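From a predicted model like this one, the values you see are computed outputs, not experimental measurements. In the text below, chain A, chain B and the rest are named by the order of the sequence lines, each starting its count at 1.
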Amino acid sequence: MTHAIEVRDLHKYFGDNEVLKGIDFTVEPGQVVCVIGPSGSGKSTLLRCVNLLEQPTKGQVFVHGRELTDPDVDIDAARRHIGMVFQQFNLFPHMTALQNVMIAQQRVLKRSRKEAEVVARENLAKVGVGDKCDSYPAQLSGGQQQRVAIARALAMNPALMLFDEPTSALDPELVGDVLTVMRKLAEEGMTMLVVTHEMGFAREVADRVVFMDGGVIVEDGPPSQVIGAPKHERTRTFLRRVLHPEER
Amino acid sequence: MTTPSPTVAEPGPARLSPRKKQRIIRTVQYVVLAAAAIFVVFYADWSSLADNFAKPDVAEKALPDLFRIALKNTIIYTLGGFLLSFVFGLILALMRISQVRPYRWIATVYIEIFRGLPALVVFLMITFLPLALPGFEVPGGTYGQGILGLGLIGTAYQAEVFRAGLQAVPKGQTEAARSLGMSAARAQFTVVIPQAVRIVIPPTTNQLVALLKDSSLVLFLGVSGEFVELAKFGNDLASQYSNATPIMVAGLTYLIVTIPLGYLATKLERRKGAGR
(Lines give C-alpha, C1' and ligand atoms only; values in the text may rest on other atoms or scores of the structure.)
Protein backbone atom coordinates (compact mmCIF):
# COMPACT_ATOMS: atom_id res chain seq x y z
CA MET A 1 0.00 0.00 0.00
CA THR A 2 1.33 3.45 -0.83
CA HIS A 3 1.53 5.94 1.99
CA ALA A 4 -0.54 9.11 1.77
CA ILE A 5 2.55 11.02 2.88
CA GLU A 6 6.06 9.73 3.21
CA VAL A 7 8.96 11.88 4.31
CA ARG A 8 12.52 10.54 4.11
CA ASP A 9 15.51 12.06 5.86
CA LEU A 10 14.15 15.59 5.54
CA HIS A 11 16.50 18.45 6.38
CA LYS A 12 15.68 22.13 6.22
CA TYR A 13 18.03 25.03 6.81
CA PHE A 14 17.12 28.68 7.11
CA GLY A 15 20.53 30.21 6.52
CA ASP A 16 22.82 28.46 8.98
CA ASN A 17 19.95 27.45 11.21
CA GLU A 18 19.00 23.79 10.82
CA VAL A 19 15.27 23.69 11.55
CA LEU A 20 14.62 20.08 10.52
CA LYS A 21 17.37 17.61 11.32
CA GLY A 22 16.46 14.47 9.46
CA ILE A 23 12.77 13.65 9.65
CA ASP A 24 11.38 10.26 8.64
CA PHE A 25 7.69 9.64 8.95
CA THR A 26 4.59 8.47 7.12
CA VAL A 27 0.87 9.11 7.12
CA GLU A 28 -1.44 6.35 5.87
CA PRO A 29 -4.56 7.10 3.82
CA GLY A 30 -7.49 7.98 6.08
CA GLN A 31 -5.27 8.64 9.08
CA VAL A 32 -5.40 11.75 11.21
CA VAL A 33 -1.95 12.63 12.50
CA CYS A 34 -1.42 15.48 14.92
CA VAL A 35 2.01 17.09 15.25
CA ILE A 36 2.66 18.69 18.62
CA GLY A 37 5.69 20.32 20.12
CA PRO A 38 7.09 23.57 21.49
CA SER A 39 7.29 26.60 19.23
CA GLY A 40 10.41 26.56 17.10
CA SER A 41 10.49 22.77 17.09
CA GLY A 42 10.04 22.71 13.30
CA LYS A 43 6.52 21.31 13.16
CA SER A 44 5.10 24.05 10.91
CA THR A 45 8.17 23.85 8.68
CA LEU A 46 7.66 20.10 8.34
CA LEU A 47 4.04 20.64 7.33
CA ARG A 48 5.02 23.32 4.81
CA CYS A 49 7.63 20.99 3.33
CA VAL A 50 4.92 18.42 2.55
CA ASN A 51 3.40 20.64 -0.16
CA LEU A 52 6.72 22.32 -0.87
CA LEU A 53 5.72 25.78 0.31
CA GLU A 54 9.17 25.39 1.86
CA GLN A 55 11.77 23.79 -0.35
CA PRO A 56 13.51 21.05 1.67
CA THR A 57 17.27 21.48 1.79
CA LYS A 58 17.77 17.72 1.65
CA GLY A 59 15.59 14.63 1.66
CA GLN A 60 12.50 13.42 -0.12
CA VAL A 61 8.77 13.99 0.17
CA PHE A 62 6.30 11.54 -1.39
CA VAL A 63 2.56 12.11 -1.59
CA HIS A 64 0.56 9.08 -2.67
CA GLY A 65 3.74 7.51 -3.94
CA ARG A 66 4.82 10.45 -6.12
CA GLU A 67 8.00 12.21 -5.24
CA LEU A 68 7.25 15.93 -4.98
CA THR A 69 10.90 16.77 -4.36
CA ASP A 70 11.71 15.45 -7.84
CA PRO A 71 12.55 18.60 -9.85
CA ASP A 72 10.60 17.27 -12.83
CA VAL A 73 7.33 17.07 -10.93
CA ASP A 74 4.70 19.70 -11.74
CA ILE A 75 4.30 21.06 -8.24
CA ASP A 76 1.26 23.16 -9.15
CA ALA A 77 -0.57 20.06 -10.34
CA ALA A 78 0.44 18.15 -7.22
CA ARG A 79 -0.74 20.92 -4.87
CA ARG A 80 -4.26 20.82 -6.35
CA HIS A 81 -4.88 17.64 -4.40
CA ILE A 82 -3.28 18.78 -1.16
CA GLY A 83 -5.54 21.11 0.79
CA MET A 84 -3.90 23.53 3.19
CA VAL A 85 -5.35 25.59 6.02
CA PHE A 86 -3.25 28.36 7.56
CA GLN A 87 -3.06 29.84 11.02
CA GLN A 88 -3.86 33.30 9.63
CA PHE A 89 -6.65 31.98 7.33
CA ASN A 90 -5.20 33.83 4.34
CA LEU A 91 -8.55 34.40 2.71
CA PHE A 92 -8.43 36.73 -0.29
CA PRO A 93 -9.74 40.02 1.16
CA HIS A 94 -10.91 41.43 -2.18
CA MET A 95 -13.30 38.55 -2.78
CA THR A 96 -16.50 37.40 -1.04
CA ALA A 97 -16.57 34.08 0.78
CA LEU A 98 -18.22 32.52 -2.26
CA GLN A 99 -15.61 33.93 -4.66
CA ASN A 100 -12.84 32.76 -2.34
CA VAL A 101 -14.10 29.20 -2.66
CA MET A 102 -14.81 29.49 -6.40
CA ILE A 103 -11.67 31.14 -7.77
CA ALA A 104 -9.25 28.21 -7.71
CA GLN A 105 -11.92 25.81 -8.95
CA GLN A 106 -12.40 28.02 -11.99
CA ARG A 107 -8.81 29.02 -12.64
CA VAL A 108 -7.03 25.82 -11.65
CA LEU A 109 -9.55 22.99 -12.16
CA LYS A 110 -11.19 24.86 -15.07
CA ARG A 111 -14.64 24.21 -13.72
CA SER A 112 -17.46 26.27 -15.19
CA ARG A 113 -18.72 29.20 -13.18
CA LYS A 114 -21.96 27.40 -12.49
CA GLU A 115 -20.34 24.20 -11.33
CA ALA A 116 -17.84 26.08 -9.18
CA GLU A 117 -20.66 27.99 -7.51
CA VAL A 118 -22.63 24.81 -6.74
CA VAL A 119 -19.55 23.17 -5.22
CA ALA A 120 -18.69 26.35 -3.30
CA ARG A 121 -22.16 26.68 -1.78
CA GLU A 122 -22.15 22.99 -0.84
CA ASN A 123 -18.85 23.28 0.97
CA LEU A 124 -19.68 26.57 2.68
CA ALA A 125 -22.90 25.00 3.97
CA LYS A 126 -20.98 21.94 5.10
CA VAL A 127 -18.67 23.98 7.33
CA GLY A 128 -21.61 25.96 8.71
CA VAL A 129 -21.19 29.32 6.94
CA GLY A 130 -23.72 28.77 4.15
CA ASP A 131 -25.38 32.07 5.06
CA LYS A 132 -22.14 34.05 4.65
CA CYS A 133 -21.59 33.52 0.91
CA ASP A 134 -21.74 37.21 0.04
CA SER A 135 -19.72 38.48 3.00
CA TYR A 136 -16.18 39.71 2.61
CA PRO A 137 -13.55 38.23 4.94
CA ALA A 138 -13.32 41.48 6.93
CA GLN A 139 -17.02 41.11 7.78
CA LEU A 140 -16.53 37.62 9.26
CA SER A 141 -15.31 36.48 12.66
CA GLY A 142 -12.05 34.55 12.86
CA GLY A 143 -13.89 31.28 13.28
CA GLN A 144 -16.04 31.96 10.25
CA GLN A 145 -13.02 32.99 8.20
CA GLN A 146 -11.19 29.81 9.08
CA ARG A 147 -14.20 27.71 8.12
CA VAL A 148 -14.41 29.52 4.77
CA ALA A 149 -10.71 28.71 4.34
CA ILE A 150 -11.45 25.03 5.02
CA ALA A 151 -14.30 25.13 2.49
CA ARG A 152 -11.93 26.73 -0.04
CA ALA A 153 -9.51 23.82 0.35
CA LEU A 154 -12.27 21.17 0.31
CA ALA A 155 -13.76 22.53 -2.91
CA MET A 156 -10.67 21.29 -4.73
CA ASN A 157 -11.50 17.68 -3.72
CA PRO A 158 -8.18 17.22 -1.94
CA ALA A 159 -6.86 13.74 -1.26
CA LEU A 160 -5.35 15.00 1.98
CA MET A 161 -5.48 18.11 4.12
CA LEU A 162 -2.71 19.96 5.93
CA PHE A 163 -3.65 22.14 8.90
CA ASP A 164 -1.07 24.61 10.22
CA GLU A 165 -2.20 25.59 13.72
CA PRO A 166 -5.71 26.28 12.45
CA THR A 167 -7.09 27.50 15.78
CA SER A 168 -4.09 29.39 17.17
CA ALA A 169 -5.22 32.79 15.89
CA LEU A 170 -8.80 32.41 17.13
CA ASP A 171 -10.52 33.80 20.18
CA PRO A 172 -11.05 30.93 22.64
CA GLU A 173 -14.83 30.86 22.20
CA LEU A 174 -14.47 30.40 18.43
CA VAL A 175 -12.06 27.47 18.55
CA GLY A 176 -14.86 24.93 19.06
CA ASP A 177 -16.62 25.68 15.76
CA VAL A 178 -13.46 25.03 13.76
CA LEU A 179 -12.56 21.88 15.67
CA THR A 180 -16.09 20.53 15.12
CA VAL A 181 -15.64 20.91 11.37
CA MET A 182 -12.25 19.19 11.51
CA ARG A 183 -13.69 16.38 13.58
CA LYS A 184 -16.43 15.88 11.00
CA LEU A 185 -13.82 15.72 8.25
CA ALA A 186 -11.86 13.11 10.19
CA GLU A 187 -14.98 11.00 10.62
CA GLU A 188 -15.57 11.12 6.88
CA GLY A 189 -12.18 9.51 6.42
CA MET A 190 -10.15 12.50 5.22
CA THR A 191 -6.39 12.07 5.53
CA MET A 192 -5.25 14.88 7.79
CA LEU A 193 -1.91 16.15 9.03
CA VAL A 194 -2.56 18.70 11.77
CA VAL A 195 -0.06 20.90 13.56
CA THR A 196 -1.89 21.93 16.71
CA HIS A 197 -1.75 22.94 20.34
CA GLU A 198 -5.23 21.52 21.01
CA MET A 199 -4.40 18.50 23.15
CA GLY A 200 -8.06 17.55 23.58
CA PHE A 201 -8.51 17.38 19.83
CA ALA A 202 -5.29 15.40 19.39
CA ARG A 203 -6.30 12.92 22.07
CA GLU A 204 -9.81 12.35 20.79
CA VAL A 205 -9.48 12.59 17.02
CA ALA A 206 -5.91 11.66 16.09
CA ASP A 207 -4.93 8.15 15.11
CA ARG A 208 -1.34 9.09 15.81
CA VAL A 209 0.41 11.89 17.61
CA VAL A 210 3.91 13.00 16.66
CA PHE A 211 5.90 14.96 19.23
CA MET A 212 8.67 17.12 17.77
CA ASP A 213 11.38 19.05 19.55
CA GLY A 214 14.52 20.72 18.25
CA GLY A 215 13.95 19.68 14.64
CA VAL A 216 13.59 15.94 15.30
CA ILE A 217 10.70 13.59 16.01
CA VAL A 218 11.01 12.59 19.64
CA GLU A 219 7.98 10.37 19.94
CA ASP A 220 5.44 8.95 17.49
CA GLY A 221 2.51 6.75 18.42
CA PRO A 222 -1.18 6.55 19.34
CA PRO A 223 -2.41 9.45 21.48
CA SER A 224 -2.97 7.16 24.44
CA GLN A 225 0.75 6.56 24.42
CA VAL A 226 2.30 9.90 23.38
CA ILE A 227 -0.10 12.08 25.37
CA GLY A 228 -1.33 9.51 27.89
CA ALA A 229 1.93 7.81 28.81
CA PRO A 230 4.88 9.57 27.20
CA LYS A 231 8.18 7.70 27.34
CA HIS A 232 10.52 10.65 26.92
CA GLU A 233 11.29 13.29 29.47
CA ARG A 234 11.08 16.05 26.79
CA THR A 235 7.54 14.98 25.92
CA ARG A 236 6.55 14.89 29.57
CA THR A 237 7.98 18.36 30.21
CA PHE A 238 6.18 19.78 27.18
CA LEU A 239 2.84 18.19 28.09
CA ARG A 240 3.11 19.35 31.67
CA ARG A 241 3.60 22.93 30.45
CA VAL A 242 0.77 22.76 27.95
CA LEU A 243 -1.76 20.98 30.12
CA HIS A 244 -0.98 22.73 33.40
CA PRO A 245 0.46 26.13 32.46
CA GLU A 246 -0.28 27.63 35.88
CA GLU A 247 1.89 25.12 37.75
CA ARG A 248 5.25 26.33 36.49
CA MET B 1 17.77 74.93 28.95
CA THR B 2 17.56 71.29 29.94
CA THR B 3 20.02 71.57 32.79
CA PRO B 4 18.01 72.68 35.77
CA SER B 5 19.47 75.65 37.59
CA PRO B 6 18.75 76.10 41.28
CA THR B 7 16.46 79.05 40.67
CA VAL B 8 14.09 76.95 38.56
CA ALA B 9 13.16 74.84 41.54
CA GLU B 10 11.55 77.84 43.17
CA PRO B 11 9.97 80.06 40.53
CA GLY B 12 10.25 83.60 41.71
CA PRO B 13 7.65 86.28 41.02
CA ALA B 14 9.82 87.80 38.25
CA ARG B 15 9.53 84.65 36.08
CA LEU B 16 6.71 84.24 33.58
CA SER B 17 4.45 81.26 33.95
CA PRO B 18 4.39 79.03 30.83
CA ARG B 19 0.84 80.06 30.08
CA LYS B 20 1.66 83.76 30.20
CA LYS B 21 4.68 83.19 28.01
CA GLN B 22 2.54 81.39 25.46
CA ARG B 23 0.01 84.23 25.40
CA ILE B 24 2.74 86.78 24.71
CA ILE B 25 4.19 84.65 21.89
CA ARG B 26 0.77 84.34 20.30
CA THR B 27 0.19 88.09 20.53
CA VAL B 28 3.51 88.74 18.84
CA GLN B 29 2.53 86.40 16.02
CA TYR B 30 -0.74 88.25 15.46
CA VAL B 31 1.06 91.61 15.46
CA VAL B 32 3.54 90.41 12.82
CA LEU B 33 0.71 89.09 10.68
CA ALA B 34 -1.26 92.36 10.97
CA ALA B 35 1.83 94.41 10.11
CA ALA B 36 2.49 92.28 7.02
CA ALA B 37 -1.15 92.58 5.92
CA ILE B 38 -1.09 96.35 6.36
CA PHE B 39 2.14 96.61 4.40
CA VAL B 40 0.72 94.56 1.51
CA VAL B 41 -2.56 96.47 1.43
CA PHE B 42 -1.01 99.94 1.48
CA TYR B 43 2.23 99.50 -0.42
CA ALA B 44 1.19 97.14 -3.23
CA ASP B 45 0.12 98.85 -6.42
CA TRP B 46 -3.29 97.21 -6.66
CA SER B 47 -4.50 98.86 -9.82
CA SER B 48 -1.31 97.98 -11.68
CA LEU B 49 -1.45 94.43 -10.37
CA ALA B 50 -5.07 94.04 -11.39
CA ASP B 51 -4.27 95.53 -14.76
CA ASN B 52 -1.50 93.00 -15.36
CA PHE B 53 -2.89 89.85 -13.78
CA ALA B 54 -6.66 90.15 -13.81
CA LYS B 55 -7.80 92.19 -16.77
CA PRO B 56 -11.36 91.07 -17.52
CA ASP B 57 -11.34 91.83 -21.25
CA VAL B 58 -8.08 89.91 -21.78
CA ALA B 59 -9.42 87.02 -19.71
CA GLU B 60 -12.50 87.01 -21.89
CA LYS B 61 -10.39 86.65 -25.05
CA ALA B 62 -8.94 83.45 -23.62
CA LEU B 63 -12.30 81.96 -22.94
CA PRO B 64 -13.59 79.59 -25.56
CA ASP B 65 -10.19 78.19 -26.51
CA LEU B 66 -9.04 77.89 -22.92
CA PHE B 67 -11.33 74.92 -22.40
CA ARG B 68 -11.89 73.85 -26.00
CA ILE B 69 -8.19 73.50 -26.84
CA ALA B 70 -5.87 74.13 -23.90
CA LEU B 71 -7.58 72.19 -21.11
CA LYS B 72 -8.55 69.44 -23.53
CA ASN B 73 -4.92 69.05 -24.61
CA THR B 74 -3.63 69.17 -21.05
CA ILE B 75 -5.98 66.29 -20.24
CA ILE B 76 -4.93 64.35 -23.35
CA TYR B 77 -1.22 64.70 -22.52
CA THR B 78 -1.82 63.87 -18.86
CA LEU B 79 -4.07 60.86 -19.34
CA GLY B 80 -1.87 59.52 -22.14
CA GLY B 81 1.23 59.82 -19.95
CA PHE B 82 -0.67 58.36 -17.02
CA LEU B 83 -1.80 55.34 -19.02
CA LEU B 84 1.78 54.69 -20.15
CA SER B 85 3.15 55.07 -16.64
CA PHE B 86 0.43 52.82 -15.18
CA VAL B 87 1.12 49.94 -17.56
CA PHE B 88 4.91 50.24 -17.69
CA GLY B 89 5.11 51.15 -14.02
CA LEU B 90 3.44 47.84 -13.14
CA ILE B 91 5.75 45.93 -15.48
CA LEU B 92 8.81 47.67 -14.05
CA ALA B 93 7.63 47.04 -10.48
CA LEU B 94 7.25 43.33 -11.24
CA MET B 95 10.72 43.35 -12.79
CA ARG B 96 12.08 45.10 -9.73
CA ILE B 97 10.91 42.28 -7.43
CA SER B 98 11.67 39.55 -9.97
CA GLN B 99 13.77 36.50 -9.15
CA VAL B 100 15.76 37.15 -12.32
CA ARG B 101 18.58 39.44 -11.33
CA PRO B 102 19.11 41.24 -14.69
CA TYR B 103 15.44 42.25 -14.64
CA ARG B 104 15.97 43.79 -11.24
CA TRP B 105 19.02 45.64 -12.53
CA ILE B 106 17.25 47.01 -15.59
CA ALA B 107 14.29 48.19 -13.51
CA THR B 108 16.51 49.77 -10.87
CA VAL B 109 18.64 51.62 -13.43
CA TYR B 110 15.58 52.94 -15.27
CA ILE B 111 13.88 54.07 -12.07
CA GLU B 112 16.98 55.77 -10.70
CA ILE B 113 17.66 57.62 -13.97
CA PHE B 114 14.18 58.92 -14.62
CA ARG B 115 13.46 59.83 -11.02
CA GLY B 116 16.78 61.62 -10.83
CA LEU B 117 16.46 63.65 -14.03
CA PRO B 118 14.51 66.89 -14.05
CA ALA B 119 11.40 66.42 -16.17
CA LEU B 120 12.44 69.42 -18.24
CA VAL B 121 15.68 67.70 -19.30
CA VAL B 122 13.72 64.67 -20.47
CA PHE B 123 11.50 66.90 -22.60
CA LEU B 124 14.48 68.71 -24.08
CA MET B 125 16.02 65.37 -25.02
CA ILE B 126 12.82 64.33 -26.74
CA THR B 127 12.98 67.41 -28.95
CA PHE B 128 16.42 66.24 -30.09
CA LEU B 129 15.34 62.64 -30.80
CA PRO B 130 14.84 63.21 -34.54
CA LEU B 131 18.36 64.60 -34.72
CA ALA B 132 19.86 61.66 -32.88
CA LEU B 133 17.89 59.06 -34.82
CA PRO B 134 17.47 60.35 -38.36
CA GLY B 135 14.17 59.34 -39.84
CA PHE B 136 12.75 58.44 -36.46
CA GLU B 137 9.49 59.99 -35.45
CA VAL B 138 7.61 59.53 -32.21
CA PRO B 139 4.30 57.91 -33.13
CA GLY B 140 1.36 60.22 -32.58
CA GLY B 141 3.25 63.36 -33.58
CA THR B 142 3.11 66.20 -31.07
CA TYR B 143 0.68 64.37 -28.83
CA GLY B 144 2.95 61.35 -28.96
CA GLN B 145 6.00 63.38 -27.95
CA GLY B 146 4.26 64.95 -24.98
CA ILE B 147 2.77 61.67 -23.87
CA LEU B 148 6.13 59.92 -24.27
CA GLY B 149 7.87 62.51 -22.09
CA LEU B 150 5.28 62.30 -19.34
CA GLY B 151 5.16 58.52 -19.66
CA LEU B 152 8.93 58.14 -19.31
CA ILE B 153 8.97 60.11 -16.09
CA GLY B 154 5.66 58.84 -14.70
CA THR B 155 6.70 55.22 -15.24
CA ALA B 156 9.65 55.60 -12.90
CA TYR B 157 7.55 57.05 -10.08
CA GLN B 158 4.58 54.73 -10.65
CA ALA B 159 6.91 51.72 -10.59
CA GLU B 160 7.98 52.65 -7.08
CA VAL B 161 4.35 53.14 -6.05
CA PHE B 162 3.46 49.70 -7.41
CA ARG B 163 6.48 48.07 -5.82
CA ALA B 164 5.41 49.36 -2.42
CA GLY B 165 1.87 48.13 -3.11
CA LEU B 166 2.97 44.68 -4.22
CA GLN B 167 5.19 44.31 -1.19
CA ALA B 168 2.37 45.42 1.11
CA VAL B 169 0.32 42.35 0.17
CA PRO B 170 1.05 39.74 2.87
CA LYS B 171 3.11 36.73 1.84
CA GLY B 172 0.36 34.44 3.12
CA GLN B 173 -1.80 35.54 0.18
CA THR B 174 0.64 34.10 -2.32
CA GLU B 175 1.08 30.99 -0.21
CA ALA B 176 -2.67 30.41 -0.05
CA ALA B 177 -2.96 30.82 -3.82
CA ARG B 178 -0.02 28.50 -4.48
CA SER B 179 -1.37 25.90 -2.06
CA LEU B 180 -4.54 25.81 -4.16
CA GLY B 181 -2.46 24.84 -7.18
CA MET B 182 -2.12 28.24 -8.83
CA SER B 183 1.12 28.89 -10.68
CA ALA B 184 3.29 31.77 -9.51
CA ALA B 185 2.07 33.96 -12.37
CA ARG B 186 -1.59 33.06 -11.84
CA ALA B 187 -1.25 33.84 -8.12
CA GLN B 188 0.24 37.25 -8.97
CA PHE B 189 -2.51 38.18 -11.38
CA THR B 190 -5.49 36.72 -9.50
CA VAL B 191 -4.56 37.45 -5.93
CA VAL B 192 -1.62 39.84 -5.45
CA ILE B 193 -1.96 42.48 -8.19
CA PRO B 194 -5.69 43.20 -7.60
CA GLN B 195 -4.93 43.84 -3.93
CA ALA B 196 -1.83 45.90 -4.73
CA VAL B 197 -3.80 48.09 -7.15
CA ARG B 198 -6.35 48.82 -4.43
CA ILE B 199 -3.58 49.69 -1.98
CA VAL B 200 -1.93 52.13 -4.40
CA ILE B 201 -5.06 54.05 -5.45
CA PRO B 202 -4.33 57.07 -3.19
CA PRO B 203 -0.64 57.51 -4.12
CA THR B 204 -1.56 56.90 -7.75
CA THR B 205 -4.04 59.76 -7.60
CA ASN B 206 -1.22 61.96 -6.34
CA GLN B 207 0.88 60.73 -9.25
CA LEU B 208 -1.86 61.85 -11.63
CA VAL B 209 -1.78 65.34 -10.12
CA ALA B 210 2.00 65.45 -10.50
CA LEU B 211 1.73 64.43 -14.15
CA LEU B 212 -0.94 67.04 -14.77
CA LYS B 213 1.41 69.72 -13.51
CA ASP B 214 4.35 68.30 -15.45
CA SER B 215 2.27 68.37 -18.61
CA SER B 216 3.04 72.11 -18.67
CA LEU B 217 6.55 71.12 -19.82
CA VAL B 218 5.07 70.24 -23.21
CA LEU B 219 5.70 73.96 -23.72
CA PHE B 220 9.33 73.10 -24.42
CA LEU B 221 8.45 70.76 -27.26
CA GLY B 222 7.65 73.85 -29.30
CA VAL B 223 4.02 72.94 -29.80
CA SER B 224 1.65 75.31 -31.48
CA GLY B 225 -1.85 75.77 -32.81
CA GLU B 226 -4.29 73.09 -31.84
CA PHE B 227 -1.67 71.16 -29.79
CA VAL B 228 -1.06 73.77 -27.09
CA GLU B 229 -1.89 72.89 -23.51
CA LEU B 230 -2.71 75.25 -20.66
CA ALA B 231 0.72 76.66 -19.87
CA LYS B 232 1.72 77.28 -23.47
CA PHE B 233 -1.72 78.67 -24.24
CA GLY B 234 -1.50 81.12 -21.35
CA ASN B 235 2.05 82.09 -22.23
CA ASP B 236 1.22 82.72 -25.90
CA LEU B 237 -1.77 84.90 -25.11
CA ALA B 238 0.21 86.75 -22.47
CA SER B 239 2.88 87.65 -25.03
CA GLN B 240 0.26 88.63 -27.55
CA TYR B 241 -1.47 91.10 -25.20
CA SER B 242 1.62 91.96 -23.14
CA ASN B 243 -0.46 91.08 -20.12
CA ALA B 244 -0.15 88.30 -17.53
CA THR B 245 -3.87 87.69 -17.15
CA PRO B 246 -3.94 84.62 -19.45
CA ILE B 247 -1.22 82.96 -17.34
CA MET B 248 -3.31 83.63 -14.26
CA VAL B 249 -6.34 82.16 -15.98
CA ALA B 250 -4.37 79.08 -17.02
CA GLY B 251 -3.14 78.71 -13.45
CA LEU B 252 -6.68 78.86 -12.11
CA THR B 253 -7.73 76.22 -14.60
CA TYR B 254 -5.00 73.89 -13.29
CA LEU B 255 -6.26 74.44 -9.77
CA ILE B 256 -9.83 73.61 -10.77
CA VAL B 257 -8.56 70.14 -11.63
CA THR B 258 -5.71 69.57 -9.16
CA ILE B 259 -7.43 70.66 -5.95
CA PRO B 260 -10.43 68.31 -6.27
CA LEU B 261 -8.05 65.48 -7.24
CA GLY B 262 -5.97 66.22 -4.17
CA TYR B 263 -9.04 66.04 -1.96
CA LEU B 264 -10.06 62.81 -3.65
CA ALA B 265 -6.65 61.30 -2.87
CA THR B 266 -6.90 62.33 0.79
CA LYS B 267 -10.39 60.88 1.01
CA LEU B 268 -9.35 57.59 -0.56
CA GLU B 269 -6.43 57.43 1.82
CA ARG B 270 -8.67 57.98 4.81
CA ARG B 271 -11.13 55.34 3.61
CA LYS B 272 -8.30 52.86 3.31
CA GLY B 273 -7.14 53.75 6.81
CA ALA B 274 -10.59 52.96 8.14
CA GLY B 275 -10.09 49.38 7.06
CA ARG B 276 -11.27 47.49 4.05
Going from [atom1] on [X] to [atom2] on [Y], what distance comes out if it is rounded to the nearest 0.5 angstrom?
X        : Y        : atom1 : atom2 : answer
B/Gln195 : A/Met95  : CD    : CE    : 8.0 Å
B/Ser179 : A/Leu52  : OG    : CG    : 12.5 Å
A/Ile82  : B/Leu180 : CD1   : CG    : 11.5 Å
B/Glu175 : A/Asp164 : CD    : CG    : 9.0 Å
B/Thr190 : A/His94  : OG1   : NE2   : 7.5 Å

[X] atom [atom1], over 12 foreign heavy atoms within 6.0 Å:
X        : atom1 : answer
B/Phe88  : CZ    : no
A/Glu173 : CD    : yes
B/Tyr263 : OH    : no

request  = Tell me, for A/Leu53 versus chain B, whether the close heavy atoms (under 4.5 Å) come from the side chain, the backbone, both or neither.
outcome  =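 The side chain, not the backbone.
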inquiry  = Please classify the contact between A/Arg48 and chain B as side chain, backbone, both or neither, with a heavy-atom cut-off of under 4.5 Å.
reply    =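 Contact with chain B is through the side chain of A/Arg48 alone.
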Do you know which of [options] has the most heavy-atom pairs with chain B at a distance under 4.5 angstrom?
options                              : value
A/Asn51, A/Asp74, A/Leu91, A/Val85   : A/Leu91
A/Gln105, A/His81, A/Arg152          : A/Arg152
A/Met84, A/Gln139, A/Gln88, A/Arg107 : A/Arg107
A/Ala104, A/Ala149, A/Ala77          : A/Ala104

inquiry  = Can you tell whether the side chains of B/Arg178 and A/Asp76 come within less than 4.0 Å, N to carboxylate O?
reply    =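 A salt bridge links B/Arg178 with A/Asp76.
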key: Minimum-distance pair of heavy atoms, taken over all atoms of A/Phe92 and B/Ala176   =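 Taking every non-hydrogen atom into account, CE2-CB, 4.0 Å.
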inquiry  = For a quick test of reading the model, state the closest non-hydrogen atom pair linking A/Pro93 to B/Gln173 and the distance between them.
reply    =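 Scanning both residues completely, I find the closest heavy atoms to be CD-OE1, 3.5 Å.
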query = Taking only heavy atoms into account, what residues of residues 100-112 of chain B are found under 4.5 Å from chain A?
reply =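 At a heavy-atom separation under 4.5 Å, chain A is reached by no residue of residues 100-112 of chain B.
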